[in-house]
Amino acid sequence: MDMATARLVDVAQLRVHARVFWFMLALIDGCNIAYCGIQGSYGNECRPPFTCTNRLDEAGVACRCPRALSNCRTCDWGIGGTVCTQCQSSRFLWMGACQRSCPSGTTAIIPSVTPGIGRTCVAS
């Protein structure tokens with residue numbers, strides 16, 4: 001197999017395995033294991049861990065919590081994944097997820113300043 005054919009095969013395989021491609025590209029671009037991979041508006045990015053609050057990170061760069069974390073207002077992006085740390089829409093944060101109500105054996109904490117944001121459940 002000549003070099004041009006090998007390159008076409010490699011590109012085709014990388015397209016099929018987009019996540020592997022991103023990881024390989026991140027390594028080439030100098031992204032190390034202390035960085036987290038996120039899917040941005042224009043493709044995948046490699047960034048140091050950050051907190052996303054109300055669609056902005058600490059530096060004012062646009063971000064958002066993953067759709068899987070429904071009703072999450074603030075989330076921490078890290079090398080181990082993304083964790084919700086504050087809910088909105090009158091949901092309660094329990095074990096990293098936003099719930100309609102607190103499970104039995106827990107007590108609801110509702111902030112008086114922003115009653116629809118930042119509700120949590122704590123073990124009773």
Side-chain angles (χ1 to χ4, degrees):
M1 182 181 316
D2 66 1
M3 204 57 159
T5 305
R7 176 174 269 157
L8 288 175
V9 170
D10 287 346
V11 170
Q13 289 174 348
L14 293 175
R15 285 185 181 146
V16 171
H17 302 288
R19 293 181 72 89
V20 173
F21 171 72
W22 170 80
F23 180 72
M24 290 172 60
L25 184 63
L27 289 177
I28 292 167
D29 286 344
C31 179
N32 63 39
I33 195 127
Y35 284 58
C36 57
I38 67 164
Q39 187 170 2
S41 302
Y42 302 103
N44 293 321
E45 300 174 48
C46 186
R47 306 177 52 173
F50 65 96
T51 298
C52 182
T53 302
N54 206 24
R55 297 187 178 238
L56 293 174
D57 69 7
E58 299 96 334
V61 176
C63 61
R64 68 176 158 186
C65 298
R67 290 183 187 178
L69 298 178
S70 178
N71 295 300
C72 185
R73 180 176 188 267
T74 303
C75 59
D76 289 336
W77 286 83
I79 58 173
T82 311
V83 177
C84 184
T85 57
Q86 185 182 55
C87 299
Q88 60 190 7
S89 304
S90 297
R91 306 293 179 160
F92 293 88
L93 181 66
W94 176 247
M95 297 182 74
C98 299
Q99 312 287 332
R100 286 188 184 275
S101 60
C102 290
S104 62
T106 64
T107 302
I109 305 296
I110 302 173
S112 59
V113 178
T114 55
I117 298 172
R119 293 178 172 197
T120 59
C121 303
V122 294
S124 300

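Note that the structure is a prediction, hence the values are computed from the model and not measured. Values below: all heavy atoms of this structure, side chains included; hydrogens, waters and symmetry mates excluded.
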- Say whether, by atom type as modelled, one donor and one acceptor occur between the side chain of Thr85 and the main chain of Thr74 under 3.5 angstrom. yes
- Message: For Phe50 versus Asp57, what's the shortest heavy-atom pair and its separation?
- Response: CD1-CB, 3.7 Å
- Between Val83 and Leu69, the two heavy atoms sitting closest are C-CD1, 4.2 Å
- Item | Non-hydrogen side-chain atoms of Arg91 and Gln99 separated by less than 4.5 Å | no
- Message: Here's a test for you: under side chain to side chain contact (heavy atoms under 4.5 Å, CB included), which of Ser89, Cys84, Ser90 qualifies with Cys87?
- Response: Cys84
- Message: Suppose we screen for side-chain hydrogen bond (donor to acceptor under 3.5 Å, both in side chains). Which residues come up paired with Ser104, at least two apart in sequence or across chains?
- Response: none
- SG-CZ distance between Cys63 and Arg55, expressed to the nearest 0.5 angstrom: 9.0 Å
- Item | Gln86 side-chain N/O to Ile117 backbone N/O, donor-acceptor pair under 3.5 Å | no
- Item | side chain to side chain contact (heavy atoms under 4.5 Å, CB included) involving Pro103 - partner list, sequence neighbours excluded | Trp94, Thr106, Cys121
- Item | Residues which pass side chain to side chain contact (heavy atoms under 4.5 Å, CB included) with Cys65, listed by chain and number, not counting sequence neighbours | Cys72, Cys75
- Roughly how far, to the nearest 0.5 Å, is the CZ atom of Arg73 from the CG atom of Asn71? 13.0 Å
- Check step by step if side chain to side chain contact (heavy atoms under 4.5 Å, CB included) holds for Arg119 and Ile109. CA-CA 6 Å; Arg119 293 178 172 197; Ile109 305 296; over 6 Å; no
- Separation between OG1 (Thr120) and CG (Leu93), nearest 0.5 Å, reads 7.0 Å
